[in-house]
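The structure under discussion appears below in the form of structure tokens.
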Amino acid sequence: MADFFKQLVNQLNVIWSKLNITQKVILIATTAVTVIGMAAIITWSSLSSNDNGYSTLFVNLESEDAAQVTEVLKDMGIAYTLENSGRQIMVPQKELYEVRMELARNGLPRSGGQGFELFDKLQLGMTDFVQNLNFQRALEGEIIRTIETLTEVDKARVHITLPKPSLFKEKEEEPTASVVLKLQPGKDINGKQVRGITHLVASSVEGLLARQVTVLDIHGNMLTKGFADNAMAEQADHNMALQHAVESHLERKVQHMLKGLLGPNKAQVKVSAVLDFEQVEKTVETYLPSSKVIRSQQRDDGVTKNNPMAGDEQKEGSITNYEIDRTAARIINAPGARKRVTVSVAVDGAYKYNEDGKQTFEERSQDELDKFTALVKNTVGFDEKAGDLVYVTAVKFDRQFYDRELQEMESQERKESYQYWGKIAIIFVIVFLGFLFLKSLAKNIAVAMNPPIPKYTGVALEPEEEEIPEELRKHNELLEKVENIAMENPMNMAYLLRGWLKDPHKSSSK
């Protein structure tokens, strides 16, 4: 082994001695960068991992949950550390999964609140007050768990007020509820989701109305509209939302139709709808005298005197009762029926290019406007008897802002395109130069490790920049003298060579 290392060191010394100054500097720099990079990676890996072998058990715990978890860990004799102001608990890596299972058996952590598992264990001697209180706690805990399943919600708190039942209906109080939400970082919640939460809470509590649920965020901002004390205001808000929905629906229908005919941004549509929010209930009865059916008939076969003075007798009489057709209808008009609609449509004119290539504006003809009006009426369900109005006009839209924005977007797009291709070109040049540099470096190293062996060409080497070695110089002089003798006396040289071929020792002695 010692001989092997000795030979390896000798070979490295030989290679190092054959390198020039530039090659040595490049080799040292490359080795240093590689060593520093590996050291940085190893250091980062060691810092990112726990040197003490601890792993995260739970993170972002509430103070109450953290206290309960640490108490159980103390009873189990498990070492732990607290980080992040006590909200993160660390335990030894080898005991992590066992501790988690044990805490799960104990129902920890209870970040979402306790649900109906409060009633899993039978407690003797529990009063009605404690029973009702536990029911309220369990109901709040179940609602909290459900709300926290939403993607945008991080934590939730729910408070429910259940009034005492009363024997008199006029003295009964409505239950109320309040919800506090802590949203995920960077997340937001919209009005539809808030209404969904209010209806979720209202549907989970008997007798609770959605308007009696208040939703806040952790900053105290009210997310609901707060109509708990005014049912009329809540109804008015609902009516306004319904009217806005009807108007938006009709606007989208007309806008979509005109967009298909004229193109995008060529028409503006506004709809004003009047809805009937009165709820009318009426009963209508209709009789048809012309249509009658015999209900009952009575016949009398006895003798009846009509005129005792005349002595007339009626031997037979009958009574017939008829049933007349009757139709009874109970009609309830649903609130929100459409009473009247007004539609205003502004259509941009036509644009054409002249011979010079410039864009010119042309107004719409009355025939085109009449066609647009008919299409709009059919789209919105025009009813002349209800007083609906549709007005369509052609105007020239001011497109300076649009054209300016379009030019800026095109300019920015070209700029980004130039930057992108410039980056690609720079990367290509760098890669190409790096390839040439590596190729040159590899060639220099190969030349340094395998120097060319000088060959004799019949011509004496002349020193240029470096001095020729002594042995090589003497060898070249001897060869030059032999060549001159051969050229001056070729016959003698031929005899000498032939004698050497026959008897080299003898010829050499002569």
Tell me whether [X] at atom [atom1] has more than 12 heavy atoms from other residues, nucleotides or ligands lying less than 6.0 Å away.
X: Gln419; atom1: CD; result: yes
X: His159; atom1: NE2; result: yes
X: Glu173; atom1: CD; result: no
X: Met76; atom1: CE; result: yes

Holding to side-chain hydrogen bond (donor to acceptor under 3.5 Å, both in side chains), I want the full list of residues that pass it with [X], two or more places apart in sequence or in another chain.
X: Gln268; answer: none
X: Glu206; answer: none
X: Glu410; answer: none

How long is the span from the OG1 atom in Thr149 to the CD1 atom in Ile147, to the nearest 0.5 Å? 8.5 Å
Identify the two heavy atoms, one from [X] and one from [Y], that lie closest to each other, and give their separation to 0.1 Å.
X: Leu209; Y: Ala202; result: C-CB, 3.8 Å
X: Ala156; Y: Ile144; result: O-CG2, 3.5 Å
X: Val158; Y: Ile143; result: CG2-CG2, 4.0 Å
X: Val201; Y: Leu208; result: O-CD2, 3.7 Å
X: Met257; Y: Thr379; result: CE-OG1, 3.8 Å
X: Asp348; Y: Arg364; result: O-NE, 3.0 Å

Main-chain N/O of [Y] paired to [X] side chain as donor or acceptor, under 3.5 Å:
X: Lys266; Y: Ala350; result: no
X: Arg340; Y: Ala273; result: no
X: Thr70; Y: Ala67; result: yes
X: Ser411; Y: Gln407; result: no
X: Glu368; Y: Ser365; result: yes
X: Ser248; Y: Ala245; result: no

Test item: [X] and [Y] side chains (from C-beta on) under 4.5 Å apart, heavy atoms:
X: Lys339; Y: Leu275; result: no
X: Leu216; Y: Val179; result: no
X: Val347; Y: Leu262; result: yes
X: Thr161; Y: Gln212; result: no

Checking side-chain polar atoms at under 3.5 Å, does Asn132 have a donor or acceptor matched by the opposite partner on Gln136? no
Could you tell me whether the side chains of Ser204 and Glu142 share a donor-acceptor contact shorter than 3.5 Å? no
Does Glu174 come within less than 4.0 Å of Arg211, counting only side-chain N to carboxylate O? yes
Name every donor-acceptor pair, under 3.5 Å, that has one atom in a side chain of residues 383-393 and the other anywhere in the protein, sequence neighbours excluded.
unit_1: Asp383; atom_1: OD1; unit_2: Lys385; atom_2: N; d: 3.2
unit_1: Asp388; atom_1: OD1; unit_2: Val341; atom_2: N; d: 2.9
unit_1: Asp388; atom_1: OD2; unit_2: Asp383; atom_2: N; d: 2.9

Residue pairs fulfilling side-chain hydrogen bond (donor to acceptor under 3.5 Å, both in side chains) with at least one residue in residues 249-265, sequence neighbours excluded: none
Quick one: side-chain hydrogen bond (donor to acceptor under 3.5 Å, both in side chains) pairs with a partner in residues 180-196, sequence neighbours left out? Glu152-Gln193
